[in-house]
Structures are given as structure tokens and as C-alpha cells.
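Predicted model only: the values in this text are computed from it and were never measured. A note on names: the letters A, B, ... follow the listed sequences, proteins ahead of strands, and every chain is numbered from 1. Computation of the quantities below employed the complete heavy-atom set of this structure, encompassing side-chain atoms and omitting hydrogens, waters and symmetry-equivalent molecules.
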Protein chains: 2
Amino acid sequence: MLGLLNYGSMTGYELDKAFKESLSFFWQAQTSQIYRELAAMERKGWVNSEQVIQNEKPNKRVYTITGSGKEELKSWLCTSEADIDDAMRVRSAFLMRVFFAGEMENGEALSMLRKYREACVGQSEAFGAVPESIAQYGALVDNEDQIKYWKVVALFGEISYRAGLEWVNRAIALLEGECK
Amino acid sequence: MLGLLNYGSMTGYELDKAFKESLSFFWQAQTSQIYRELAAMERKGWVNSEQVIQNEKPNKRVYTITGSGKEELKSWLCTSEADIDDAMRVRSAFLMRVFFAGEMENGEALSMLRKYREACVGQSEAFGAVPESIAQYGALVDNEDQIKYWKVVALFGEISYRAGLEWVNRAIALLEGECK
DNA sequence: GTGATATATTCAACAAGTTGAATATATCAC
DNA sequence: GTGATATATTCAACTTGTTGAATATATCAC
């Protein structure tokens with residue numbers, strides 16, 4: 001949220017949309033969590049807020065990052081040490097299910113993997129829209145550096161989608177081979 | 001834990017080791033959480049436990065899956081519907097950092113990516129030991145079906161490690177290219 | 001005999017994330 | 001005028017996961 005507010009002041013509603021539309025690929029947050037954390041961040045002095053009266057829409061509260069918030073953001077960005085391990089860590093109930101799939105019917109396991117394949121294909125279609133989306137937001141932010149990193153993150157998405165597809169195809173082939 | 005106890009009765013300590021040695025690739029759990037959840041599962045009737053007195057070691061409590069626990073396990077294995085989306089979901093503070101890396105020095109961002117690359121290489125070495133490890137545990141469990149799925153999960157690990165390496169190399173190349 | 005390692009478990013406090021409903025106003029299409 | 005959609009926020013209850021210490025016994029190497 002500090003990262004987003006660093007681009008410009010926003011309401012909780014706008015932050016929520018940003019999480020749901022743009023950041024959802026690598027981070028998800030509930031609406032209720034966003035407002036709760038905004039309040040916590042204001043208590044910590046990382047953000048300020050101001051009520052804005054509107055005629056045509058419900059009133060809103062606009063949050064602005066403070067100097068202390070910017071410091072916090074930068075220090076968080078640089079604490080890579082410990083979190084690289086964290087980055088490598090997978091936590092997947094789906095893989096857990098595959099691991100214990102010996103308890104299922106072979107057909108059920110295959111149908112699970114086929115659903116995964118469909119989901120991969122769906123992701124692929126979703127990624128088609130990413131470059132335009134980056135271009136649009138990039139125009140608003142007007143910071144060449146940012147856009148560069150956004151593209152690097154998008155590239156991760158593409159590569160890992162393709163890897164997922166490769167895996168599921170090989171997995172299905174393996175299981176179908178044994179089935180017959 | 002039900003999946004593991006389905007292979008055979010175990011103590012919390014053994015479950016903890018299984019998580020740390022074998023399942024840690026796709027699920028992590030703290031020791032304290034394992035014991036807490038064992039107690040919760042016993043309250044739900046999914047497991048039974050029995051105290052075993054030992055001479056050479058501290059006494060232990062052995063947990064055994066019940067009929068109701070086996071049902072629960074099977075029904076969990078088959079609830080793939082909703083969780084496929086969940087499986088596709090990435091949640092990575094590391095990618096978040098890359099996304100906002102425009103706020104860092106270019107050199108700092110590069111050093112973060114190089115650490116990621118090192119971690120990938122480390123993973124690769126760890127994966128070398130997996131096939132032997134599967135063979136060893138497989139001999140104990142004596143269930144061909146299980147082993148098949150274990151290998152499929154290991155394949156996921158290999159493929160996603162390689163994908164991670166491909167990504168980080170391309171990302172570094174991109175950023176270094178702009179640097180000069 | 002001392003420190004390291006392995007076995008084996010417990011617990012309190014905290015942090016983070018989820019669920020699901022409630023509230024309120026305005027616009028637009030049918 | 002009704003239902004859908006968008007704007008905008010709040011809150012209680014709950015579940016899950018983390019931290020970090022505490023306790024206890026036994027073996028093995030130096």
C-alpha cells in the first residue's frame with residue numbers, strides 16, 4: 001500500500017481496486033484488510049488522511065504517504081536478505097493434493113490436472129492484456145524506471161504460466177500412459 | 001497431517017520431521033502448529049492417540065487416523081473445484097519488491113535479483129537428492145500409486161526451478177542492458 | 001564433564017488473513 | 001421503478017500461521 005500511495009494519494013477504495021486489478025497476480029488482499037491496515041498505518045504515522053466531500057458520490061477519505069512512510073517503504077524494499085528464501089517458498093494446497101492423490105481414483109486425479117491445465121490456459125489469455133495495461137498505468141505514473149520493473153514482473157508471470165502448462169502436460173501424459 | 005497419518009501412525013515429532021524434510025517444498029508448518037492441530041483433529045475425531053512409554057527416550061504420543069479421518073482426507077482430496085484458482089495464486093513479497101523496485105537504486109535491484117539466482121541454483125542442488133529420497137520413502141510406504149504422484153510433484157519443483165532461473169537471467173540481462 | 005544433537009511436547013502472545021454482513025449514495029439501462 | 005453496477009467504508013468474529021521460549025531425557029564426541 002505504501003508502494004501504491006507513493007505513486008500518488010488514493011482512497012481505500014482505489015487501493016482495493018489496484019490490488020484486485022493489478023497486484024492480484026502476486027498479492028491478494030480483502031477490502032476489509034485494506035481499510036484496517038490503512039488505519040494501522042495512520043497510527044504508525046506512515047500515512048495521513050483527509051476527508052473529501054463529494055456531491056455526486058459518497059464522501060471519501062484520501063490517504064497520502066508521509067516522509068516516515070517513504071522511509072519505511074524504502075527500508076522494506078531493501079530488506080531482501082531474509083526474504084529471498086521466502087520468495088522461493090511454494091505453499092500450495094493443490095500440490096499437496098497431487099502428493100496424496102494415490103488415495104483418489106486415477107480418473108479423479110486426472111480430472112484435477114485437466115482443470116489445472118484449463119486454468120493455465122485461462123491465465124495465458126489474461127496475460128495477453130498485461131502489456132496494454134502496463135502502458136496505460138505507465139502513462140499515469142510517468143516514471144520509466146517503474147515500468148521497467150513492472151515488465152519484469154509480468155515476464156515472471158508469463159514464464160511461470162508456461163512452466164505450469166509444461167508440467168501439467170507432462171504429468172497428464174505420465175498418468176495416462178500408466179492408465180492404459 | 002491426515003495424509004501422512006494415512007501412511008501409518010506417527011507422533012507429532014515425526015509429523016514435524018516429515019513437514020520439514022519432505023513436504024517443505026510445497027507446505028511449511030511450525031512445530032507448535034503441528035501439535036496444536038493434532039489436538040484439534042483429535043477433538044474432531046479424525047485421529048486417536050495413545051501414550052507410549054519409552055526407556056531410552058522421552059515418552060511419546062502416537063496418533064492414528066480414524067475412519068472419520070480417512071473420510072475427511074478423501075473428501076478434502078476431491079474438493080478441487082474452488083482450489084484450482086487458489087493453486088494458481090502466487091503470493092510473493094519478493095515479486096512485490098521487484099514491482100516497486102523503481103524506488104531503489106538500480107544496483108540494489110540487481111543485487112536482489114542476483115541473490116534470487118543464487119537461491120535458484122541452491123534449489124537445483126537440493127533437487128538432486130529428491131529421487132533417492134522418494135525411492136527410500138517409497139520402499140517404506142509400499143504403494144506404487146503414491147510414488148507416481150510424488151514424482152509428479154517433484155517434477156513440478158524441477159520445472160519451476162528452471163523457469164525461475166530462466167526468468168531471473170532474462171531479468172538481469174534486461175536491467176544490465178539498460179544500466180550501461 | 002561439556003556442549004552438540006536427537007528425541008518429544010507444550011504454551012502464551014501475537015500477526016496476518018478471511019468471511020460475511022452492514023451501511024450509504026448515485027448512475028444507468030430496461 | 002427495479003435491478004445492476006459503481007462508489008465508498010466499517011466491523012465483529014474467526015481461522016491460520018509465527019515467534020520464541022520452556023521443559024525433559026538420552027546419546028555421542030571431544
Just the atom pairs and distances: protein N or O near nucleotides 14-18 of chain C's N or O, under 3.5 Å.
{"unit_1": "dG17(C)", "atom_1": "OP1", "unit_2": "R91(B)", "atom_2": "NH2", "d": "3.4"}
{"unit_1": "dG17(C)", "atom_1": "OP2", "unit_2": "Q33(A)", "atom_2": "NE2", "d": "3.0"}
{"unit_1": "dG17(C)", "atom_1": "N7", "unit_2": "R36(A)", "atom_2": "NH1", "d": "3.0"}
{"unit_1": "dG17(C)", "atom_1": "O6", "unit_2": "R36(A)", "atom_2": "NH2", "d": "2.7"}
{"unit_1": "dT18(C)", "atom_1": "O4", "unit_2": "R36(A)", "atom_2": "NH2", "d": "3.1"}

Could you pull out the closest heavy-atom pair between M112(A) and F94(A), with the gap in Å?
-> CG-CE1, 3.9 Å
For residues I34(A) and G12(A), report the shortest heavy-atom separation together with the two atoms involved.
-> CG2-O, 3.9 Å
Does E108(A) come within less than 4.0 Å of K74(B), counting only side-chain N to carboxylate O?
-> no
Donor on one side chain, acceptor on other, [X] and [Y], under 3.5 Å:
X	Y	value
N6(A)	E103(B)	yes
Y63(B)	E14(B)	no
K44(A)	S68(A)	no
T31(A)	D16(A)	yes

Grab the N/O contacts between the protein and nucleotides 3-5 of chain C below 3.5 Å, and write none if there aren't any.
none

Between [atom2] on [N] and [atom1] on [X], what's the gap in Å once rounded to a whole number?
X	N	atom1	atom2	value
N55(A)	dT27(C)	CG	C1'	15 Å
I34(B)	dT19(D)	CD1	P	14 Å
K20(A)	dA8(D)	NZ	P	15 Å
I53(A)	dT25(C)	CD1	C1'	13 Å
E50(B)	dT9(C)	CD	C1'	17 Å
K60(A)	dA26(C)	NZ	P	15 Å

Identified pairing partner of [N], criterion: Watson-Crick or G-U wobble below 3.5 Å:
N	answer
dA21(D)	dT10(C)
dA15(C)	dT16(D)
dC30(D)	dG1(C)

Do F19(B) and V62(B) sit in the same hydrophobic cluster, where Ile, Leu, Val, Met, Phe, Trp and Tyr count as joined when their side-chain heavy atoms come under 4.5 Å apart?
-> no
Do I172(B) and V121(B) share a hydrophobic cluster, counting only Ile, Leu, Val, Met, Phe, Trp and Tyr and linking them when any side-chain heavy atoms are less than 4.5 Å apart?
-> yes
E166(A) and R170(A): salt bridge (Lys or Arg N to Asp or Glu O under 4.0 Å), yes or no, with the steps?
-> CA-CA 6 Å; E166(A) 186 196 332; R170(A) 285 176 62 180; 3.5 Å; yes
At under 4.0 Å, does any side-chain N or O of Y35(B) touch on OP1 or OP2 of dT10(C)?
-> no
Parallel, tilted or perpendicular: ring planes of Y7(B) versus W150(B), cut at 30 and 60 degrees = perpendicular
Note: contacts of residues 2-19 of chain A with DNA chain C (heavy atom, under 4.0 Å) are none
With the side chain of R61(A) defined as its heavy atoms from C-beta on, choose the nearest nucleotide among dA8(C), dT9(D), dA26(C).
-> dT9(D)
Of all the choices, dT7(C), dT9(C), dT7(D), which nucleotide is nearest to the side chain of K57(A) once you look at every atom?
-> dT7(D)
So which of F25(B), F26(B), Y149(B) actually passes side-chain contact (heavy atoms from CB on, under 4.5 Å) with F99(A)?
-> F26(B)
